[in-house]
Colleague: 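After the structure tokens below, expect a handful of questions from me.
These values consider heavy atoms only, across backbone and side chains, with no hydrogens, waters or symmetry-generated copies.
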Amino acid sequence: MAKKRGVPAHGRKSARFHRARKKRYLVVAGGAVTERQYFKQLESIYDVVIEYQQKNESPEHLADFACTLKKEDERDISTDCYENIWVVVDVDDFHDHSKAAKICKDNGIELIISNPCFEVWLLDHMKACPPSYTLTPDVESAAARAGIVGGNRNKYVNDELIDSEHLDAAIRNAARHNTVENSQGRNRLTPHHEQEYAPWTDMSKVIETLKSNKQS
């Protein structure tokens with residue numbers, strides 16, 4: 001739940017008391033194209049504001065950056081705080097997520113991991129990502145064949161396939177490979193062999209939160 005602002009010291013109420021504002025979320029991620037476009041589409045579906053901040057940095061540095069933005073937002077009395085803050089990362093480029101996990105946990109931020117890449121979640125919109133797809137090229141090629149991505153280097157999301165029906169399908173399909181056994185690899189956060197870390201995505205948590213907050 002968003003933290004509510006207090007009344008400024010000079011006694012004037014902030015603008016949020018005068019008109020309803022859309023709920024605000026923050027995403028800090030490494031993806032410059034695919035993830036940015038995807039979260040922009042979620043804005044339209046759930047009628048919210050999702051501020052997307054991108055840096056080509058390690059999960060640890062992204063988590064630190066998210067903490068900085070959270071503190072800045074909490075000092076801003078002109079609107080409500082972010083409902084949720086998500087640090088969205090892959091495993092293909094950075095294998096050690098333990099420091100990022102601790103930073104996020106200590107600061108009320110959610111670390112959202114997809115292994116080996118974000119396209120696992122995108123493929124889930126069309127079908128469950130096969131457990132044998134542990135390498136990024138395999139997942140990216142499958143997502144392209146399924147039509148969920150296309151364009152230059154298959155970096156662009158097919159917005160027509162990002163709707164409530166396909167989002168519900170993605171949650172169901174993700175549950176098929178987000179098994180208890182696979183969660184052991186997810187919770188270790190430091191996979192050394194692809195074979196020991198089957199496809200996984202935490203993106204279902206993001207969608208469930210958006211759905212829940214829209215209904216409340």
Colleague: Side-chain contact, heavy-atom cut-off 4.5 Å: Y38 with V88?
Modeller: no
Colleague: Hey, are Y52 and E35 close enough side-chain-wise for a donor-acceptor pair under 3.5 Å?
Modeller: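 No, no side-chain donor-acceptor contact under 3.5 Å.
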Colleague: Side-chain heavy atoms under 4.5 Å apart, restricted to Ile/Leu/Val/Met/Phe/Trp/Tyr: what other residues fall into the cluster of Y156, or is it alone?
Modeller: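 In the cluster with Y156 are V33.
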Colleague: Side-chain contact, heavy-atom cut-off 4.5 Å: Q37 with D159?
Modeller: yes
Colleague: Please answer whether the main-chain N or O of Y133 pairs with a side-chain N or O of D138 as donor and acceptor at a distance below 3.5 Å.
Modeller: no
Colleague: Return yes if a side-chain donor-acceptor contact under 3.5 Å exists between H166 and D163, otherwise no.
Modeller: yes
Colleague: Using a strict cut-off of less than 4.0 Å between a Lys/Arg side-chain nitrogen and an Asp/Glu carboxylate oxygen, indicate whether K22 and D47 qualify as a salt bridge.
Modeller: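 Looking at K22 and D47, the cut-off is met.
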Colleague: Does this structure show an ion pair linking D168 with K211, if we count only N-O contacts that are shorter than 4.0 Å?
Modeller: yes
Colleague: Anything under 30° is parallel, anything over 60° is perpendicular, the rest tilted; go ahead and classify W86 against Y25.
Modeller: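 Ring orientation of W86 relative to Y25: parallel.
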Colleague: Roughly how far, to the nearest 0.5 Å, is the NE2 atom of H125 from the CD atom of E119?
Modeller: 12.0 Å
Colleague: Run through D90, V87, T201, V91 and flag the one making a side-chain contact (heavy atoms from CB on, under 4.5 Å) with I113.
Modeller: V91
Colleague: State the OG1-NZ distance between T209 and K23, to the nearest 0.5 angstrom.
Modeller: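 Between T209 OG1 and K23 NZ, I get 11.0 Å after rounding to 0.5 Å.
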Colleague: How many angstroms lie between CG in L62 and NZ in K55, if you round to the nearest 0.5 Å?
Modeller: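 Rounded to the nearest 0.5 Å, the CG-NZ separation comes to 8.5 Å.
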Colleague: Answer yes when K71 and E74 have at least one side-chain N-carboxylate O distance shorter than 4.0 Å, and no when they do not.
Modeller: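 Salt bridge absent between K71 and E74.
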